[in-house]
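Below is one structure; the comments refer to it alone.
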Amino acid sequence: MTVTTPASRAAQILSRPIALNGLTVPNRIVMAPMTRMFSPGGIPGEDVRSYYARRAAAGVGLIVTEGTYVGHESAGQSHRVPRFHGEEQLAGWAKVAEDVHAAGGTIVPQLWHIGMVRKDGDAPYPEAPAMGPSGLVTAGAETTGKAMTQKDLDDVIAAFAQAAADAERIGFDGVELHGAHGYLLDQFLWEGTNRRTDAYGGDPVARTKFSAEIVAAVRAAVSTEFPVIFRYSQWKQQDYTARLAETPEELEAILTPLAAAGVDVFHASTRRYWVPEFDGSDLNLAGWTKKITGKQVITVGSVGLDGDFLNAFQGEGSPIQGIDNLLDRLEADEFDMVAVGRALLQDPEWAAKVLADRFDELKPYDAAAVKTLS
């Protein structure tokens, strides 16, 4: 496939620095969070340090790490996914941040609780129960887990706040809260999995209460200039067609409390960034998010590739796609930054090639890249 994007234009648009609260990011390219399971014991080692630093050295302005479990026993489901609590785990992450900074990049951890996606007996804490707003993993499913009590809610809020405070203490540049893809925070936001009748369930504003309390607690636990990013999505890994909001008005009801609680930047996750979100407008989810909240926004979804990223994890490859449309939208201030996933997973030099007119060196996505760490 011929890629026609002129590099001078790509460099001009993507190379602009941007201030996210008190953090200056050198350009508009973000590395999207991608779970890799290369951290035995939840500890990121030297190979993980090299993995992130290599991409920072090649021009990625902001790295969002793979999802990291907060310090709550029901947060995760694997010994090999990194954790953002514990002395050894945090020491490992401190070295990751140090190496990324030495390579010229900035970095934030993605803080994560998977909620009802977890199954009873899963590592790293097999005795911990699976829990969520109503014990449901998807709409219409039978209850298979624990509906969270007020103590459970308070404990999870405290775990996110502690992780954020630790992130600032060990040298990270901000934090991202994972509120997307059918995990815990998203399970509260989505009517399909939140059937609560207390203050945390009901209309869209009530379903936002838990996430807004986490944002507020994180905001209070870190310095005022420390950026807080919130990632959210319409689709869920349990249901690709699910939607939090059917109209811009419904989306506004969800995003406004989060912005008021202290979100600096929204990370609007879609499967394909070029798809309009609502009828009657070409704006994608990120574009609507910026229009509604006035906050800075990161877009993501199959950037640089012609194919759905979900299929990649089923073994499918993807051909290269030009980024002219992406640049048009950035230039029009539809959104502020762009997160790149598979293209950076495939090629650590992707940002450098795009910024230096080396489009002919870009390669189609090979799904085997998921299985390597480089």
Side-chain angles (χ1 to χ4, degrees), residues 20 23 25 29-71 75-86 88-114 159-160 162-181 183 185 218 222 226-232 264-265 267 269 298 300 309 337-345 348 350-351 370 373-374:
L20 309 179
L23 172 68
V25 180
I29 300 174
V30 179
M31 181 176 179
M34 292 174 282
T35 299
R36 302 303 308 283
M37 300 181 72
F38 277 86
S39 299
I43 304 168
E46 186 174 348
D47 52 354
V48 177
R49 292 163 56 187
S50 175
Y51 168 71
Y52 288 118
R54 185 176 178 189
R55 285 153 178 83
V60 175
L62 174 66
I63 288 171
V64 182
T65 74
E66 61 209 283
T68 66
Y69 300 149
V70 296
Q77 63 182 166
S78 171
H79 278 301
R80 295 184 61 82
V81 169
R83 303 200 285 270
F84 215 83
H85 61 97
E88 287 185 272
Q89 288 80 4
L90 292 175
W93 278 120
K95 293 176 182 177
V96 172
E98 181 180 355
D99 285 4
V100 167
H101 291 153
T106 60
I107 184 169
V108 302
Q110 187 187 71
L111 306 180
W112 191 22
H113 192 303
I114 71 172
F160 273 92
Q162 183 61 57
D166 286 337
E168 184 170 28
R169 175 179 59 82
I170 66 175
F172 278 80
D173 300 300
V175 291
E176 176 171 285
L177 311 180
H178 196 343
H181 307 161
Y183 296 112
L185 275 63
V218 165
V222 298
F226 196 68
V228 176
I229 304 169
F230 190 91
R231 194 180 209 212
Y232 83 101
D264 296 301
V265 184
H267 189 173
S269 177
I298 303 166
V300 67
F309 76 92
M337 303 183 78
V338 54
V340 183
R342 285 171 298 156
L344 269 171
L345 187 65
W350 186 88
V370 176
L373 181 65
S374 62

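Here the structure is a predicted model, which means the values were calculated and not measured. Atom set for the values below is all heavy atoms of this structure, side chains included, hydrogens, waters and symmetry mates excluded.
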Heavy-atom closest pair, residues Ala58 and Pro348: CB-O, 3.3 Å

Nearest atoms (heavy-atom pairs only) where Ala164 meets Leu111: N-CD1, 3.9 Å

Check against side-chain contact (heavy atoms from CB on, under 4.5 Å), Val64 and Arg231: CA-CA 11 Å; Val64 182; Arg231 194 180 209 212; over 6 Å; no

Minimum-distance pair of heavy atoms, taken over all atoms of Val96 and Pro44: CG2-CB, 4.2 Å

By side-chain contact (heavy atoms from CB on, under 4.5 Å) - contacts of Thr106 (at least two apart): Leu23, Val25, Pro26, Leu62, Asp173

Evaluation steps, side-chain contact (heavy atoms from CB on, under 4.5 Å), between Tyr51 and Leu345: CA-CA 10 Å; Tyr51 168 71; Leu345 187 65; 3.6 Å; yes

Side chain Arg55, main chain Leu344, donor-acceptor under 3.5 Å: yes

Residue pair Val175, Phe226: steps toward the side-chain contact (heavy atoms from CB on, under 4.5 Å) verdict: CA-CA 8 Å; Val175 291; Phe226 196 68; 3.9 Å; yes

Validation row: Ile114, His178 side chains within 4.5 angstrom (heavy atoms): no

Point-to-point distance, once rounded to the nearest 0.5 Å, from CZ of Arg49 to CD of Glu46: 5.5 Å

For Glu88, side-chain contact (heavy atoms from CB on, under 4.5 Å) partners two or more places apart: Ile43

Partner residues of Ala339 under the side-chain contact (heavy atoms from CB on, under 4.5 Å) criterion, sequence neighbours left out: Val30, Ala32, His267, Ile298, Val300

Gap between atom NE2 of His101 and atom CD1 of Ile107 - 0.5 Å precision: 7.0 Å

Which residues share a side chain to side chain donor-acceptor pair (under 3.5 Å) with Glu168, sequence neighbours left out: Ser223

Qualifying residues under ring pair (Phe, Tyr, Trp, His ring centres under 6.0 Å), relative to Phe172, sequence neighbours excluded: Phe84

Shortest non-hydrogen separation from Val100 to Ala53 and the atoms involved: CG2-N, 4.1 Å

Side chain proximity check, Trp93 to Asp166, heavy atoms < 4.5 angstrom: no

Pro40 to Arg80 - nearest heavy-atom pair and separation: CG-NH1, 3.5 Å

Nearest non-hydrogen partners of Ile229 and Val108, listed with the distance: CD1-CG2, 4.2 Å

Pairs satisfying side chain to side chain donor-acceptor pair (under 3.5 Å), at least one member in residues 58-71, at least two apart: Tyr52-Glu66

Min side-chain heavy-atom separation Pro82-Val48 under 4.5 Å: no

Side-chain heavy-atom pair Leu185, Phe160 within 4.5 angstrom cut-off: yes

side-chain contact (heavy atoms from CB on, under 4.5 Å) between Trp112 and Val81, worked out: CA-CA 11 Å; Trp112 191 22; Val81 169; 3.9 Å; yes

